[in-house]
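This report refers to the structure that appears directly beneath it.
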Amino acid sequence: MAFPADFKYTKEHEWVKIDGDSATIGITDHAQESLGDIVFVELPKIGAEVSAHKSFGTVESVKAVSDVYAPISGTVTAVNDELTNAPEKINSDAHGSWMIKIKVKDAGEASSLMSAADYEKYVAEEK
Amino acid sequence: MSEKKNFNANIKKVSKHISQNEGLIFERSSKGKAGYRLAPLDVPEVDAAKLLGGSLREDLGNMPEVSEFEIIRHFTRLSTWNYAIDLGMYPLGSCTMKYNARVNEVVVRMDGLANAHPYLPEKVAQGALRVMKDLSDGLLDITGMDAITLQPAAGAHGEMTGMMLVRAYFDDKKENRRKVLIPDSAHGTNPATAAMCGYEVENLKSNAKGMVDIAALDAQMNDNVAALMLTNPNTLGVFEEEIHKIADLMHAKGGMLYMDGANMNALVGKARPGDFGVDVMHLNLHKTFSTPHGGGGPGSGPVAIKKHLEPFLPSPVIVKKGDALAFDYERPKSIGRVKAYYGNFGMHVRALAYIMANGPDGLRQTTEDAVMNANYIRKKLEDVYELPFKSPSMHEVILSHRLQAVNGVKTGDIAKRLIDYGFHPYTTAFPLTVADHGAIMIEPTESEPKEELDLFIDAMRNIAREAQEDPDIILNAPHNARVERMDEVTANRKPVLRWKPNP
Amino acid sequence: MRYLPKSPADRAEMLREIGAANIDELFSHIPAEYRFKRDLKVPGQFSESEIIDYFKERSSEMAAGYGIMLGAGAYYHYRPVIIDSLISRGEFFTAYTPYQAEISQGTLQAIFEFQTMICELTGMEVANASLYDLSTGVAEGVMMAHRVTGRSETVIAKSVHPEHREVLGTYAQYMEMPIHEVGFGENGRVDLAKLDAAITDKTACVVIQSPNFFGTIEDVAAIAEIAHKKGALLVVSIAEALSLGIVKPPAEADIVTMEAQSFGVPLGFGGPYVGVIATGEKFVRQMPGRLVGQTVDKQGKRGFVLTLSTREQHIRREKATSNICTNQGLIALVATIYMTIYGREGLKDLAKQNLAKADYAAKEFAKNAKVLFGGAPRFNEFVVQTSGDAKAISDKLLDQKIVGGLPLKKFYPELGNAAVWCATELVTKAQIDLAAKAVRA
């Protein structure tokens, strides 16, 4: 499993790519694999506030609903509406299927996130 | 997959038989066919357009037009695609699929009862009131409770009613308790219900035996907790042996004990919730009292309570007025109605007929046979399927797929393979307290003869062997049903929820 | 006990296999003090003939064979006999909820047909597999509107069935959902000016019933416009489903809740009935209750499954759209068969007969009493105001084997001595004539 090195990761299996005061968020390939076929995604509206470690949306498989947590706090500036109609994209390319972009509130929060290497180790241990 | 593979070598209960194909009723429809003829109108015809003006409807779109015999064929063919308790054992844990006696269906269709308008004046509704009263009296002695409402339409509806009674009681006493404790093994309706009554749900962990952990309960119970929602026997089919401590603890700290009566069929005639400290409970007439499941309802969920909750019961309640029975609507503290009219009366009729057919001795024997059947299955399967909790079983037994999962076979797969063996699957993946959610939850009920139980045991043992020798046969099951496993992913991603004509 | 398939020898052998000396051993883990020692105080065991005798007697204490001119949310219509022949098949009535699609295709396909027919009749895009009844359906519809809009308040017409409003009040009381009622005008319809004034930016939905509790058909389009203008949804409740045979469906509504009892379900002293909720595709994930969807199996063969179940309590638990678990499977099947029997032409013809009966009845009653709300169209019910006590009139009519209209004093004291009467196709001209005479002062 290749986890992009320029992403940061959470223990709840989200990835975040931080670019200045903008951050792009999705769920990891490991997350999509354990969820199975994703059938529905519920995402916030542009302008919504998200807080670190709090749920901002859900992903659904046939028999389960899972919360998606924000790696860091901020204001939603873009939502990937394409996923609403084609949630299967997350299964085929989790790291390329971003869910939301936010304007970061406190860049310092990112320091508690895992690097790709740490996350890979974390996933291996979790198994 | 090899063409020659014999899927059916060990199957004893069923053989293949012809299954008729049948399209949707809309595909049979064509203009000018009809399945009805109206009696002639004995009053003057009217001009609908004149009476209704802009509200007139002229076309009913794609509603079908078919003849009577086609309707018989259509639905008869559909019926043959269903499994049913009339065809064989339905070992769904927690669902209690028992025999639905035919006399119940006859009495419920008697003219005076079937065609009784709910707003009949009470003097021509005494028969219906008497049925409800007699059923209430029977249920009260069976549960050991003080008062009852038959109004809730189903188990979950009964839960909601029961928890609203709890809420109304505390509101009346001006006690502001915000939380409800619910064990992790509970039915999903419990937390959903508590939320509807404005309560915050707090999870209560089970102990290693699958029972309420008294120490944890003691730690979590405080003056912010209104009630503990408990199923007893719990969803593992185990009687909470420390039920008296649980009830005492709840009461000592001012809370109440709510019992989900989903498993009451393990107790009827043997133990009474009212005796072991329950304050409020619901019953599922479609489980314990044999009213038919009907392919998913209707149910009926009476709520029985102790005296202190009586003022809050939904309005109306049945009272005696001289020699007659009457509805009492003057209930100032009532939570209000939970349903129009008086509940699913047709289910009340059937449940009373069931109780009358059984009597006290039959009801006790019924409970004993149900518990004996579950223990028999446990004894005959515990060497090939893991028994995650060793506590004594009552009316159902929970096994797990742990021994089969090493070969990639999970509880859902075993369930599908049971279909090939001529059985409806057991309940899968519930309760959530079984590690990995690999639960195999089997409830045979009292209705199964030993021969049917032995066939089921034989099927389960064969499947356990197949899991070792040929897991694929299970993973691709069922092989003998009308249809194979369904593409549920597409059904969820691109829902098609109604038929549409070809453009 | 005749339902139990065990001989004493079977029981002895099974206990031996289990390793229990006797049956009490299997109950020995119940603390001794809670083991129930005496016989239950319940009647029986009774033979089949005794059970039938008991219920025959109960049935004889009712109004069997009477003409029924009561409606008010429960309607007396003819039930074609094939309904009972079909639903009495054990494969339908002794089946469980169709979770296991491979051996439940019969129930699943029938529900899919039900959902389709409800959509056709109501003008909505999706319908669920049914709810308990309309009273709880209205509450479910309101809760759904709250989820969709994120708003907290409800405006409901006073001409909605009083018991349905009461049930909504029960559901709402612990969920912080304030409810405001809006009265009716001279013609029995919702007072549009008052409605407009009652809706605020906190209003999640406006709830009306059409035909309403007085039998009057509401101006749905006008009400929709008022609600939508302020961002509220419109929930239209239909208590008399047969009206859809001749009355325009409430296509302007966002959510339709309906009671399908009229479609072949016996009056049965108030239940079981069958509620349904229908809406637009965009709201489907906020709908309560079960849904059946079409899909294919591994071989590409058409089939049906329960779908979108992540909305429901067994998965989402306290965050579910509703705590509802069951639908009204068998009763929805009754309605499906009924709708199939009458179909596209029959529902229209039958609805027209109802229209004619009620029109005749209202005219006859008007000769002897005051028929209210004449200024708007009605279906098969109408309100009659009398100089004498409405209950006394109905009680007296019982002597002529006619069950009269429902006195409204309890629900609408402002209407004085009024009652809501109903004339379906099963009420005869002779009965109507008798009743019309009885309301004379």
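So you know, we letter chains A, B, ... as the sequences are listed, proteins then strands, and number each from 1.
Using a 4.5 Å cut-off between heavy atoms, B/Val349 touches chain C through backbone and side chain atoms alike. Contact annotation for B/Tyr90: only side-chain heavy atoms (C-beta onward) come within less than 4.5 Å of a heavy atom of chain C. Only the side chain of C/Val305 comes within contact range of chain B, with heavy atoms under 4.5 Å apart. Looking at C/Leu70, both its backbone and its side chain come within 4.5 Å of chain B, counting heavy atoms on both sides. Of the two parts of B/Leu120, the backbone and the side chain both hold a non-hydrogen atom closer than 4.5 Å to a non-hydrogen atom of chain C. For B/Asp134, the part lying near chain C is the side chain, with the backbone staying farther off; criterion is any non-hydrogen pair under 4.5 Å. Contacts of C/Phe269 with chain B are made by both backbone and side-chain atoms, with heavy-atom separations under 4.5 Å. Proximity to chain C (any heavy atom under 4.5 Å) is restricted, for B/Arg364, to the side chain, taken from C-beta onward. No part of C/Ser28 comes within reach of chain B, as not one of its non-hydrogen atoms sits under 4.5 angstrom from that chain. Looking at C/Thr136, only its side chain comes within 4.5 Å of chain B, counting heavy atoms on both sides. For C/Glu113, the parts lying near chain B are the backbone and the side chain together; criterion is any non-hydrogen pair under 4.5 Å. With a 4.5 Å cut-off on non-hydrogen atoms, C/Ile68 touches chain B through its side chain but not through its backbone. In this structure, chain C has heavy atoms under 4.5 Å from both the backbone and the side chain of B/Pro64. At a 4.5 Å heavy-atom cutoff, the contact between C/Leu398 and chain B is made by side-chain atoms alone. Interface residue C/Pro43: backbone and side-chain heavy atoms are both found under 4.5 Å from chain B. Using a 4.5 Å cut-off between heavy atoms, B/Gln365 contacts chain C through both its backbone and its side chain. Of the atoms belonging to B/Arg109, it is side-chain heavy atoms, and not backbone ones, that fall under 4.5 Å from chain C. Using a 4.5 Å cut-off between heavy atoms, B/Met110 contacts chain C through both its backbone and its side chain. Of the atoms belonging to C/Asp39, heavy atoms from both backbone and side chain fall under 4.5 Å from chain B. Proximity to chain B (any heavy atom under 4.5 Å) is shown, for C/Ile341, by both the backbone and the side chain. Residue contact with chain B, scored on non-hydrogen atoms closer than 4.5 Å, involves the side chain of C/Arg2 exclusively. In this structure, chain B has heavy atoms under 4.5 Å from both the backbone and the side chain of C/Ile52. Heavy atoms of B/Ser447 lying under 4.5 Å from chain C belong exclusively to its backbone. In this structure, chain C has heavy atoms under 4.5 Å from both the backbone and the side chain of B/Pro44. Contacts between B/Lys416 and chain C at a heavy-atom distance below 4.5 Å involve the side chain alone, from C-beta outward. Interface remark: B/Ala194 contributes no atoms to any contact with chain C (heavy atom separation under 4.5 Å).
With sequence neighbours left out, the ring pair (Phe, Tyr, Trp, His ring centres under 6.0 Å) criterion links B/Tyr99 to C/Tyr3. For B/Glu45, there are no side chain to side chain donor-acceptor pair (under 3.5 Å) partners, not counting sequence neighbours.
No donor-acceptor pair closer than 3.5 Å links the side chain of C/His164 to the backbone N or O of C/Leu134. No donor-acceptor pair closer than 3.5 Å links the side chain of B/Asp111 to the backbone N or O of C/Ala64.
Between chain B and the residues C/Leu291, C/Leu15, C/Val274, C/Asp359, the most heavy-atom pairs under 4.5 angstrom are made by C/Asp359. Most heavy-atom pairs under 4.5 Å with chain B: of the set C/Lys391, C/Glu166, C/Glu102, C/Arg89, this distinction falls to C/Glu102. Heavy-atom pairs under 4.5 Å with chain C were tallied for B/Ala128, B/Ala481, B/Ala153, B/Gly138; the largest tally goes to B/Ala128. Each of B/Glu22, B/Glu368, B/Gln126 has some count of heavy-atom pairs under 4.5 Å with chain C, and the biggest count is that of B/Glu368. When the candidates B/Ala84, B/Gly295, B/Pro314 are compared by the number of heavy-atom contacts under 4.5 Å with chain C, B/Gly295 comes out ahead. Interface check for chain C: of the options B/Gly336, B/Ala116, B/Gly35, the most heavy-atom pairs under 4.5 Å are formed by B/Ala116. Options C/Glu33, C/Met62, C/Gln299 differ in how many heavy-atom pairs under 4.5 Å they form with chain B, and the most are formed by C/Met62. Comparing C/Leu86, C/Asp395, C/Asp297, C/Val42 by how many heavy-atom pairs each has under 4.5 Å with chain B, the most go to C/Asp297. Ranking B/Asp361, B/Leu363, B/Thr490 against chain C, the residue ahead of the rest is B/Asp361, based on heavy-atom pairs under 4.5 Å. In terms of non-hydrogen atom pairs under 4.5 Å with chain B, the most contact-rich of C/Met175, C/Lys6, C/Glu125 is C/Lys6. Each of B/His157, B/Glu65, B/Arg482, B/Met97 has some count of heavy-atom pairs under 4.5 Å with chain C, and the biggest count is that of B/His157. Between chain B and the residues C/Thr107, C/Leu347, C/Asp10, the largest count of heavy-atom pairs under 4.5 Å involves C/Thr107.
Annotation: B/Phe276 is not in aromatic contact with B/His244 [ring centroid separation under 6.0 Å not met]. For C/Tyr54 and C/Phe46, the ring centers are positioned 6.0 Å apart or more. Between B/Tyr119 and B/Tyr341, the distance separating the two ring centers is shorter than 6.0 angstrom.
Here the closest non-hydrogen pair linking C/Gly293 and B/Leu497 is CA-CD2, 3.9 Å. Contact record, C/His161 with C/Gly73: CD2-CA, 3.9 Å, taken as the closest heavy-atom pair.
With B/Tyr329 as the aromatic partner, C/Lys410 meets the cation-pi criteria of under 6.0 angstrom to the ring centre and within 45 degrees of the ring axis. A cation-pi geometry, defined here as NZ or CZ lying under 6.0 Å from the six-membered ring centre and within 45° of its normal, holds between B/Lys270 and C/Phe27.
Contact check for C/Met339 versus C/Leu121: side-chain heavy atoms found under the 4.5 Å cut-off. Side-chain contact between C/Phe93 and B/Glu105: present, with at least one pair of heavy atoms (C-beta onward) separated by less than 4.5 Å.
Side-chain contact check for B/Glu159 and B/Thr189: at least one donor-acceptor pair (N or O, by modelled atom type) lies under 3.5 Å. Using modelled atom types and a 3.5 Å distance limit, the side chains of C/Thr170 and B/Arg337 yield no donor-acceptor pair. Residues B/Lys450 and B/Asn373 have side chains that never bring a donor and an acceptor to within less than 3.5 angstrom of each other. No hydrogens or angles considered: nothing links the side chains of C/Tyr66 and B/Asn115 as a donor-acceptor pair under 3.5 Å.
Interatomic distance, B/Ser29 OG to B/Asn62 CG, rounded to the nearest 0.5 Å: 8.5 Å. The structure places CG of B/Leu113 at 9.5 Å from CD of C/Glu61, a figure rounded to the nearest 0.5 Å.
Using a 30° and 60° split on the angle between ring planes, C/Phe304 and C/Phe112 fall in the tilted class, from 30° to 60°.
Salt bridge present: B/Lys380 and C/Glu17 bring a charged side-chain N and a carboxylate O closer than 4.0 Å.
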